[in-house]
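Per chain, numbering begins at 1; letters A, B, ... match sequence-line order.
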Protein chains: 2
Amino acid sequence: MGEKLTSSLEDYLEAVYTILTKNNAVKAIDVSRMLNVSRASTTEALKKLAEKKLINYGRYDAISITPEGEAAAKEVIKKHNSLHEFFSCVLGASDSEAQDNACKIEHIVSNDILKRIVAFTKYYKKNFGDDFKNIYRS
Amino acid sequence: MGEKLTSSLEDYLEAVYTILTKNNAVKAIDVSRMLNVSRASTTEALKKLAEKKLINYGRYDAISITPEGEAAAKEVIKKHNSLHEFFSCVLGASDSEAQDNACKIEHIVSNDILKRIVAFTKYYKKNFGDDFKNIYRS
DNA sequence: AACATATGTTAGGTTAGACTAACAATACAT
DNA sequence: ATGTATTGTTAGTCTAACCTAACATATGTT
C-alpha cells in the first residue's frame, strides 16, 4: 500500500472512479463539477494522483485508473457506504445528513472503528430491526 | 454564535479549556505540549482565538477564556465524549481507538448525527447492555 | 478546413497551518 | 540582584488546497 492520501486527494480519486464506472470515461471537467472546484484545481490534483501512480494521465491525455488507484477508491467508497448505512438505517438520519457526514468522516475514520460499525449495523439490523427508529424523537 | 472555527483552532481552544479546568491557569507551552506543536504555532493560534473573542490575552499576557470561548469548548468536548462513549461502550473499541477517532470526528460530525448518537448510546445501554460486545469478534 | 465553444494548463495569488531560528521577556536559583 | 533557564514572540519558509485570468489544445458545427 502506498502512502496515505489527503482527504482532498481521496475526494478526487473517488470522483474519478465513480465517474469512470458510470461513464466508461472521465474528463477533468466532470471531476471539477462533481467536487465543485475549478478546472485548475482538478488539473493539480490529477497530477498528484498520477505521481502517486493511482491514475494514468499526462497533459491533455485521457484519464484512467490504475489497479492500486481502483483499490484505494473502492476502500473510500466502502467506508462512505458503510457510514451512510449506519447513519440512515441505524440512527435514522435523513439521506442528506447521512451523505454529508459520510463524505467527511470517510476520510478519517480508522479501519478498526469502521469494521465495528459494519459489524454492528449488520448485527443491529438482524436483531433489532428498527426498534431505535421507532423510539427516537427529534 | 460566532463563525465556525477550523478543526485546528477548535483543538487549541479545547486544550486551553481543559488545562484551565485542571490547573486554574494556562501557559502557552502547556498547550504546545498537549497538542504536540511548536510554541510558535501556539502563539499564532492564540492570537486568532483572541481576535475571535474566545480567549483573552495579549503579548506576554495571562490567558483566560471568555464565556463564548467556554461555551464553544464545552460543545467540542461534549462531542468528543459522546463519540468516545459510543465507540467504546457500544462498539467495544479500545480506549485509544475511541480517543483517536473521537479527536478527529468531533470537529466534523453534525449536530444532528451527534444527537442521534447520544440518544442511541443511551437507548442501547438501557435496553441491550453489551449484547453486541459479546458477539463481536475481531 | 475554419471557426467557435469546450476543456485543459499554466502562472501567479491567497489562506491556513505548520515549522525553525533568532530574539525578547519572564521566572527561578543562588 | 544577577545570571541562567524557560517561555513567548517574531520573521521567514514550507506545503496543501484553493482561486482567477490568460493562454493552449481539442472538439464539434457548418
Any strand counts, and the cut-off is 3.5 Å on both contacts for Watson-Crick or G-U wobble. Which nucleotide pairs with D/dT25? none
Taking CG from A/Asp61 and C1' from D/dT25, how many angstroms apart are they, rounded to a whole number? 12 Å
Separation of D/dT9 P from B/Leu46 CG (nearest whole Å): 8 Å
Can you check D/dA26 for me, syn or anti if syn means within 90° of 0? anti
Nearest-neighbour nucleotide for the A/Glu44 side chain, D/dT9, D/dA17, C/dT9 considered: D/dA17
OP1 or OP2 of D/dC19 less than 4.0 angstrom from a side-chain nitrogen or oxygen of A/Ser38, does that happen here? yes
Any side-chain N or O of B/Thr6 under 4.0 Å from OP1/OP2 of C/dA16? no
Using a heavy-atom cut-off of 4.0 Å across all strands, would you classify B/Ala40 as base, sugar-phosphate, or nothing? base
Expressed in angstrom and rounded to an integer, what is the separation of B/Leu9 atom CG from C/dA18 atom C1'? 13 Å
From the set C/dC19, D/dA16, C/dG8, return the single nucleotide nearest to any side-chain atom of A/Thr43. C/dG8
Do A/Asp11 and A/Glu106 have side chains that get closer than 4.5 Å, going by heavy atoms? yes
Less than 3.5 Å apart, any donor N or O on the side chain of A/Asp95 or A/His84 sitting next to an acceptor on the other? yes
Locate the shortest heavy-atom distance separating B/Lys79 from B/Val109; write the atom from each residue and the value. NZ-O, 3.3 Å
Apply salt bridge (Lys or Arg N to Asp or Glu O under 4.0 Å) to the pair A/Asp112 and A/Arg116, showing each step before the final yes or no. CA-CA 6 Å; A/Asp112 175 79; A/Arg116 289 172 191 276; 3.1 Å; yes
Give one of base, sugar-phosphate or nothing for B/Asp30, where a contact means two heavy atoms less than 4.0 Å apart. nothing
Using atom CD1 of A/Ile29 as one end and atom C1' of C/dT5 as the other, report the distance to the nearest whole Å. 11 Å
With DNA chain D as reference, determine whether A/Tyr60 or A/Ala45 sits nearer its 5' end, using the nearest nucleotide of each. A/Ala45
Look at B/Lys48 and C/dG17 and indicate whether a side-chain polar atom (N or O) is within less than 4.0 Å of OP1 or OP2. yes
From CG of A/Leu5 across to P of D/dT15 the rounded distance in Å is 18 Å
With a 4.0 Å cut-off on heavy atoms, is B/Asn36 in touch with a base, just the backbone sugar-phosphate, or nothing at all? sugar-phosphate
Out of D/dT9, D/dC19, C/dA16, minimum distance to the side chain of B/Arg59 belongs to D/dT9
With a 4.0 Å limit, can you tell me whether A/Tyr12 has a side-chain N or O closer than that to the phosphate oxygens OP1/OP2 of D/dC18? yes
I want to check one thing: is the phosphate of C/dG8, taken as OP1 and OP2, less than 4.0 Å away from some side-chain N or O of A/Lys47? no
To the nearest angstrom, the CG-C1' distance between B/Asp11 and C/dA16 comes to 14 Å
Output yes when a side-chain donor or acceptor of B/Ser32 lies under 3.5 Å from a complementary backbone atom of B/Thr42, and no otherwise. no
Could you go through the salt bridge (Lys or Arg N to Asp or Glu O under 4.0 Å) check for B/Glu51 and B/Lys47 one step at a time? CA-CA 6 Å; B/Glu51 271 169 29; B/Lys47 273 192 226 163; over 6 Å; no
Between P on C/dG8 and CG on A/Leu49, what's the gap in Å once rounded to a whole number? 15 Å
Euclidean distance, atom NZ of residue B/Lys27 to atom P of C/dA27 [Å, nearest integer]: 10 Å
Does A/Arg39 make a side-chain N or O approach to OP1 or OP2 of C/dA6 shorter than 4.0 Å? no
How is B/Ser8 classified with respect to the nucleic acid when contacts are heavy atoms under 4.0 Å: base, sugar-phosphate, or nothing? sugar-phosphate
